[in-house]
Chemist: 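Below is a structure I'd like to ask you about.
Chain letters run A, B, ... following the sequence lines, proteins first and then strands; every chain starts at 1. Keep in mind that the numbers below use all heavy atoms, side chains included, and drop hydrogens, waters and symmetry copies. Just so we're clear, the structure is a prediction, and the values are computed from it rather than from any experiment.
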Number of protein chains: 2
Amino acid sequence: MEITRRELLKISAGAVVAGTVRRGSFAADDSLPSWNEGAAKKAILDFVHATTDRARPKFVPEPERIATFDQDGTLWVEHPLYSQVVYCFSRVPAVVKAKPELANQEPFKTVLSGNKEEIAKLPMDQLLKVLAATLTGMSVDTFEAEVKHWLDKARDPRWKRPYTELTYVPMVEVLGLLRANGYKSYIVTGGGQDFVRTYSEKVYGIPPEQVVGTAGGTSFGYDKQGKPFLTKDPKLLLNDNNAGKPEGIHMMIGRQPYAAFGNSTGDRQMLEYTKAGKGERLAMLLLHDDAEREYAYGPAQGLPDTKIGAFTQALYDEAKSNGWVVISMKNDWKRVLS
Amino acid sequence: MEITRRELLKISAGAVVAGTVRRGSFAADDSLPSWNEGAAKKAILDFVHATTDRARPKFVPEPERIATFDQDGTLWVEHPLYSQVVYCFSRVPAVVKAKPELANQEPFKTVLSGNKEEIAKLPMDQLLKVLAATLTGMSVDTFEAEVKHWLDKARDPRWKRPYTELTYVPMVEVLGLLRANGYKSYIVTGGGQDFVRTYSEKVYGIPPEQVVGTAGGTSFGYDKQGKPFLTKDPKLLLNDNNAGKPEGIHMMIGRQPYAAFGNSTGDRQMLEYTKAGKGERLAMLLLHDDAEREYAYGPAQGLPDTKIGAFTQALYDEAKSNGWVVISMKNDWKRVLS
C-alpha cells in the first residue's frame, strides 16, 4: 500500500468534489485529534503550514519534503526491551537446535536458562553474539518469513497485544499529516533495517525503501537449482545510531530532512543535522514522562535512567538552546495507544 | 521535480476529461515513439500491460512496481570513458595544487603529463588512487558543487555536448512509460552514488533517493562554528557492480525488481535476480552494435572487445537461455541521442 499516492488522489478527488480543499492546505483543527493544544502541536502545524504554502517564504518544493522518524520510543513502545531484542532471544532455541554445540556456550547457555536476572546482566559483546546468530546466516526470504511469523504470535507482556499494535496514535497522526502534505516519511532506526521492513508498510504506511536502519551486508549466491538468492551476512554496513543516523540518511536518501523526530541521545546527531539545514526545519524530541499510560524514564526532569532511550539532561538542554521542541507524552497527548 | 506524482495527476485529469484513458492502461502506439516495431519494443509493452492491468493474472500492485536501470551504457553513453572517470582526471590538478607533494608521485604525475597513451596504461590500483583522491576527503556539499560546476562546463569530445545530454532517447521513453504506469524507477549503477545523484533528477526525473550506486561512507562532524556536516570517506560501503547490484538493491530498496535493464557483465546478477522473482519479470540487455550513431563494442556478435561494458558471448548466451530480451541499438532504435 503506497499511501502517498492514494491520499494524494483522495485529496485531489476531494478538491474536485468540494471545490474548497486545496492541495497544500490542511484542516488544522482535525489534523492531530489526539494532541492537546500546546507548543508541540502548534510547532507541527506551523511547520507544515510554513513549508507547504506556496505563498509563504519558507515554502519547500514537494520532492524535497523529507521527514525522518526514529522508531523505538518515538513511533512505538521501546520499554522495557526493544521488540527486536525479544525476537532475537525467542530465536535462540531454534538456533541451538540447528547447532547443538552452542547449548553449553555463552551467551546461549544463559539465554536458554530463562533466568531473567542473569540475561539482563549479559554484557554488550555477548548480546551482539545473540543478535548475530539470530539475524544473520539465513536467506533474506527466510528471515522475513520468520519475523512475520513471530510478529503474528508474540505479545507484549504488559498490554497482551502484538508489538505492532503498540504504536503511538499521536505520532501516526503526524505521519498522516505530513504524508497528506507531500512529505515523504522515513523511519531512521537503530533497529535492524530488514526487521523493521517486514512490517513498516502495514503498521505505518511506510514502504520498505523508506526504512533506514542498522544494516548488515548480504551475499548473492545460487541455490542447488541455480536460482539466485541473498544471504544475510554478519558484516555491519551501517550502524544507524548517533552519528550513523545522518550518515545513513545521506547514504539511503541523499537529502537533508526538513523534519526529524527522536527520543534519545541516539537521535541527537539526526536532529542536529536536520536543524542545520536552510529554511524552516523542525526537530522534535519525545519525553517519556507518562508512567501511567506508558512509561516514565530518562534522567531529564529527574526521571529514572534506563539503559535504553536515554533522554539526558544534556539532550534536554541542547533541545532548549537549539530550538528543538520537546513533546511531553503526559501533557501533549490525549491518548497514547489505540 | 517528482514526475511520478505529476504524471499521475495528469493521467487522472486526462481520465476525467476524456472519459476514456484509464489508470493502468496506456496508449501503446504512442508510448515508445523512438522504438522500431520488433521483439524488444513488444516485450516492454507486453510487460507493462501484463503487470498493470488489474484484470490480468500477472497484475502487480503499484507499491511493488520497481524497475532498475544500469546507467553507463544503458541510459547514456559510456564510451570511450565513463564521464565520472573524465571528471576524476579533471580534478587532479586541483588536488595536486592543494597537496603539491603529489605532483611527483604516481599516478598523479602521469595524469598531469597529459600523455593519453600512458594514462590509458595506468593499472586499476593506480586508477583507484585517482578516484579516492578526487571523490573523497571533502564535504558532501563541496563535492556536489564541484560536480555540478564540471557538468555545466565539460563537453564530450565527439559530440561537443554536455555529458548530461548524451542520454538515449528510447531509454528515457521507457523511464517515462514505466513511471506513467506506476513504476518507481531506480538507477543501479557501478558509478558513484553521490556523483549520479547530482544530476539524476534533472536528467532522468529520478530523485536522489532512487539512485543506488557505488558508495563510500561519510563521517559526521562539526565545523568551527559548530555546524554539523558530512565528509566523504574513502571507506567503500557498496561496490555496486556484479553481485553488488542485487546486494545494493536489497540494501537500498528492499524489494526485488520486476524489470531490470543493463548492458554488460556487471549487470548480470541484477538481471538474474530480477528474472528469478515470481510472476512477470522483464530483463533487458542493450547491445552496442551501432558504430555509426553511437559505438559498436563487445565480443558478442563478433564486435571488438573493450575494457568497459563487456557484453560477452557468455552473457549473450545467458540472455537467450534465460528469456532476457536483447535490444539492438542499431535495429530497435529509430534514433539514439536527442
Chemist: I'd like to know if the side chain of Gln269(A) reaches the main chain of Phe220(B), judged simply by a donor and an acceptor atom lying under 3.5 Å from each other, with no hydrogens or angles considered.
Modeler: no
Chemist: So do Gln193(A) and Met251(B) actually touch side chain to side chain, heavy atoms under 4.5 Å?
Modeler: yes
Chemist: Checking the side chain of Glu247(B) only, and the main-chain atoms of Gly217(A) only, is there a donor and an acceptor separated by less than 3.5 Å?
Modeler: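 Flag not set: sc Glu247(B) to bb Gly217(A) has no pair under 3.5 Å.
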Chemist: Leu230(B) versus chain A, heavy atoms under 4.5 Å apart: side chain, backbone, both or neither?
Modeler: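 The side chain, not the backbone.
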Chemist: Does the pair Glu209(B)/Lys184(A) count as a salt bridge with the N-to-O cut at 4.0 Å?
Modeler: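 Salt bridge flag = yes for Lys184(A) with Glu209(B).
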Chemist: Using a cut-off of under 4.5 Å on heavy-atom pairs, state which of Gly244(A), Ser219(A), Pro61(A), Gly248(A) scores highest against chain B.
Modeler: Ser219(A)
Chemist: Closest heavy-atom contact between Gly254(A) and Arg197(B)?
Modeler: CA-NH1, 3.4 Å
Chemist: Select, from Asn242(A), Val212(A), Val140(A), the one with the greatest count of heavy-atom pairs under 4.5 Å involving chain B.
Modeler: Val140(A)
Chemist: For the CG atom of Leu238(A) and the CG atom of Leu238(B), what is their distance to the nearest 0.5 Å?
Modeler: 12.0 Å
Chemist: Hey, does Lys275(B) have a side-chain heavy atom less than 4.5 Å from the side chain of Pro228(A)?
Modeler: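 Not touching, per the 4.5 Å side-chain cut-off.
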Chemist: Measure across Ala276(B) and Lys227(A) and return the closest heavy-atom pair with its distance rounded to 0.1 Å.
Modeler: O-CE, 3.6 Å
Chemist: Considering only heavy atoms, which portion of Ala215(A) lies under 4.5 Å from any heavy atom of chain B: side chain, backbone, both, or neither?
Modeler: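 The answer is the side chain of Ala215(A).
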Chemist: Flag the one option from Lys245(A), His250(A), Glu272(A) with the top tally of heavy-atom pairs under 4.5 Å to chain B.
Modeler: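 Option with the top pair count is His250(A).
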Chemist: Contact part of Pro246(A) toward chain B, heavy-atom cut-off under 4.5 Å: side chain, backbone, both or neither?
Modeler: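 Backbone plus side chain of Pro246(A), per the 4.5 Å heavy-atom cut-off to chain B.
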Chemist: For Asp194(A), is it the side chain, the backbone, both, or neither that has a heavy atom closer than 4.5 Å to a heavy atom of chain B?
Modeler: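 The side chain, not the backbone.
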Chemist: Which bit of Tyr186(A) comes within less than 4.5 Å of chain B, counting heavy atoms only: side chain, backbone, both or neither?
Modeler: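 Side chain only.
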